[in-house]
Asker: 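Just passing along the structure, written as structure tokens.
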Amino acid sequence: MSNTSTATAAGPSGIALPVTSFSRAVDRFVGWVGEMASALWLVLVLVIVVQVVARYAFGTGSIAMEELQWHLYAIGFMLGLSFTEMRERNVRIDVLAERFSPRKRLWIELFGLLLLFLPFTMFVLWSAFPFFWSSYELNETSAAAGGLPYRWFLKSFIITAFALLVLVGLSRLTRVWAALSVRH
């Protein structure tokens with residue numbers, strides 16, 4: 001069984017990349033995480049509706065419900081980053097690159113991944129761990145009376161989100177490398 005497939009299709013970036021066994025596994029996993037995270041948007045809408053009804057129909061509000069709203073939004077957004085990157089739905093400005101040959105674009109993609117994307121995501125991942133760990137050790141809670149406990153849980157999603165982004169970056173790197181390895 002081959003490590004890369006011969007079928008290549010240009011994604012939204014316009015770069016045709018073969019699928020590697022590693023990229024297939026990462027895409028499957030990140031796709032699953034993205035689909036599970038998409039359910040958070042329904043939960044978020046329900047929490048907002050309950051909060052609005054409680055406030056305007058019954059004259060009561062809840063700090064915990066308000067905080068839950070932004071926690072759900074933050075988690076959904078952070079988990080959606082890797083899904084968006086994997087599907088190439090991020091904003092790319094290829095004004096100059098669209099004039100380059102496909103091979104030159106692959107080299108630009110390779111250097112972009114190696115010099116920008118992966119170092120940045122790994123730096124954030126490395127920096128986020130002490131931020132999370134300090135919160136966990138302190139058992140940090142909301143500063144607001146009636147707010148949510150376990151603030152560390154929300155902060156753990158910074159680590160999760162950027163670990164997923166590193167995986168997506170490595171996946172794309174294997175695909176770019178496979179495309180560059182093909183002799184023309």
Asker: About how many Å separate CZ of R175 and CG of L180, when rounded to the nearest 0.5 Å?
Answerer: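 One finds 13.0 Å between CG of L180 and CZ of R175.
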Asker: Once you measure the plane-to-plane angle for Y73 and F77, does it fall in the parallel (<30°), tilted (30-60°) or perpendicular (>60°) bin?
Answerer: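 Answer is parallel, since the angle falls under 30°.
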Asker: Please list every donor-acceptor pair under 3.5 Å in which a side-chain atom of residues 158-168 meets a protein atom from a residue at least two apart or in another chain.
Answerer:
unit_1: T160; atom_1: OG1; unit_2: S156; atom_2: O; d: 3.2

Asker: Among residues at least two apart in sequence or on other chains, which ones pass side chain to side chain donor-acceptor pair (under 3.5 Å) with S23?
Answerer: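 Checked S23 against side chain to side chain donor-acceptor pair (under 3.5 Å); matches are T20.
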Asker: Keeping to residues at least two apart or across chains, list the salt bridge (Lys or Arg N to Asp or Glu O under 4.0 Å) pairs with something in residues 51-61.
Answerer: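 Non-adjacent pairs meeting salt bridge (Lys or Arg N to Asp or Glu O under 4.0 Å): R55-E66.
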Asker: For the backbone of L148 and the side chain of E67, can you confirm whether one donor and one acceptor N or O come within less than 3.5 Å of each other?
Answerer: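 Such a contact is found between E67 side chain and L148 backbone.
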Asker: Could you list all the salt bridge (Lys or Arg N to Asp or Glu O under 4.0 Å) pairs where at least one residue sits in residues 126-148, not counting sequence neighbours?
Answerer: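 As it turns out, the salt bridge (Lys or Arg N to Asp or Glu O under 4.0 Å) pairs with a partner in residues 126-148, which skip direct neighbours, are E140-K155.
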Asker: Start with the C-alpha gap between E109 and R172, add the side-chain angles, then the distance that decides, and say whether salt bridge (Lys or Arg N to Asp or Glu O under 4.0 Å) holds.
Answerer: CA-CA 9 Å; E109 189 75 14; R172 187 155 179 91; 2.6 Å; yes
Asker: Does any pair with a residue in residues 113-135 pass salt bridge (Lys or Arg N to Asp or Glu O under 4.0 Å), and if so which ones, sequence neighbours excluded?
Answerer: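 Every candidate salt bridge (Lys or Arg N to Asp or Glu O under 4.0 Å) pair involving residues 113-135 fails, so no pair, neighbours aside, qualifies.
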Asker: By side chain to side chain contact (heavy atoms under 4.5 Å, CB included), which residues pair with A54, not counting sequence neighbours?
Answerer: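 Side chain to side chain contact (heavy atoms under 4.5 Å, CB included) check on A54 returns T60.
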Asker: Can you pull out every ring pair (Phe, Tyr, Trp, His ring centres under 6.0 Å) where at least one residue sits in residues 51-71? Sequence neighbours excluded, please.
Answerer: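 Residue pairs with at least one partner in residues 51-71: there are none.
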Asker: Only counting residues at least two apart or in another chain, list the ones meeting ring pair (Phe, Tyr, Trp, His ring centres under 6.0 Å) with F131.
Answerer: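 So F131 forms no ring pair (Phe, Tyr, Trp, His ring centres under 6.0 Å) with any residue.
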Asker: Do any N or O atoms from the side chain of S134 and from the backbone of P130 form a donor-acceptor pair under 3.5 angstrom?
Answerer: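 No: the side chain of S134 does not pair with the backbone of P130.
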Asker: Could you list the residues that satisfy ring pair (Phe, Tyr, Trp, His ring centres under 6.0 Å) with F157, not counting sequence neighbours?
Answerer: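 Scan of F157 (ring pair (Phe, Tyr, Trp, His ring centres under 6.0 Å), adjacent residues dropped) gives F153.
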Asker: What's the separation between atom CD1 in I48 and atom CE in M65, rounded to the nearest 0.5 Å?
Answerer: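 Answer for the CD1-CE pair, I48 versus M65, is 9.5 Å.
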Asker: Quick one: hydrophobic cluster around L116, which other residues, with the 4.5 Å side-chain cut-off, linked directly or via members?
Answerer: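 Members besides L116: none; it forms no cluster.
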Asker: What residues, two or more places apart in sequence or in another chain, satisfy ring pair (Phe, Tyr, Trp, His ring centres under 6.0 Å) together with F29?
Answerer: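 Expected list: none.
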Asker: Would you list the pairs meeting side-chain hydrogen bond (donor to acceptor under 3.5 Å, both in side chains) in which at least one residue belongs to residues 25-44, sequence neighbours left out?
Answerer: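 Applying side-chain hydrogen bond (donor to acceptor under 3.5 Å, both in side chains) to every pair that reaches into residues 25-44, excluding sequence neighbours, yields nothing.
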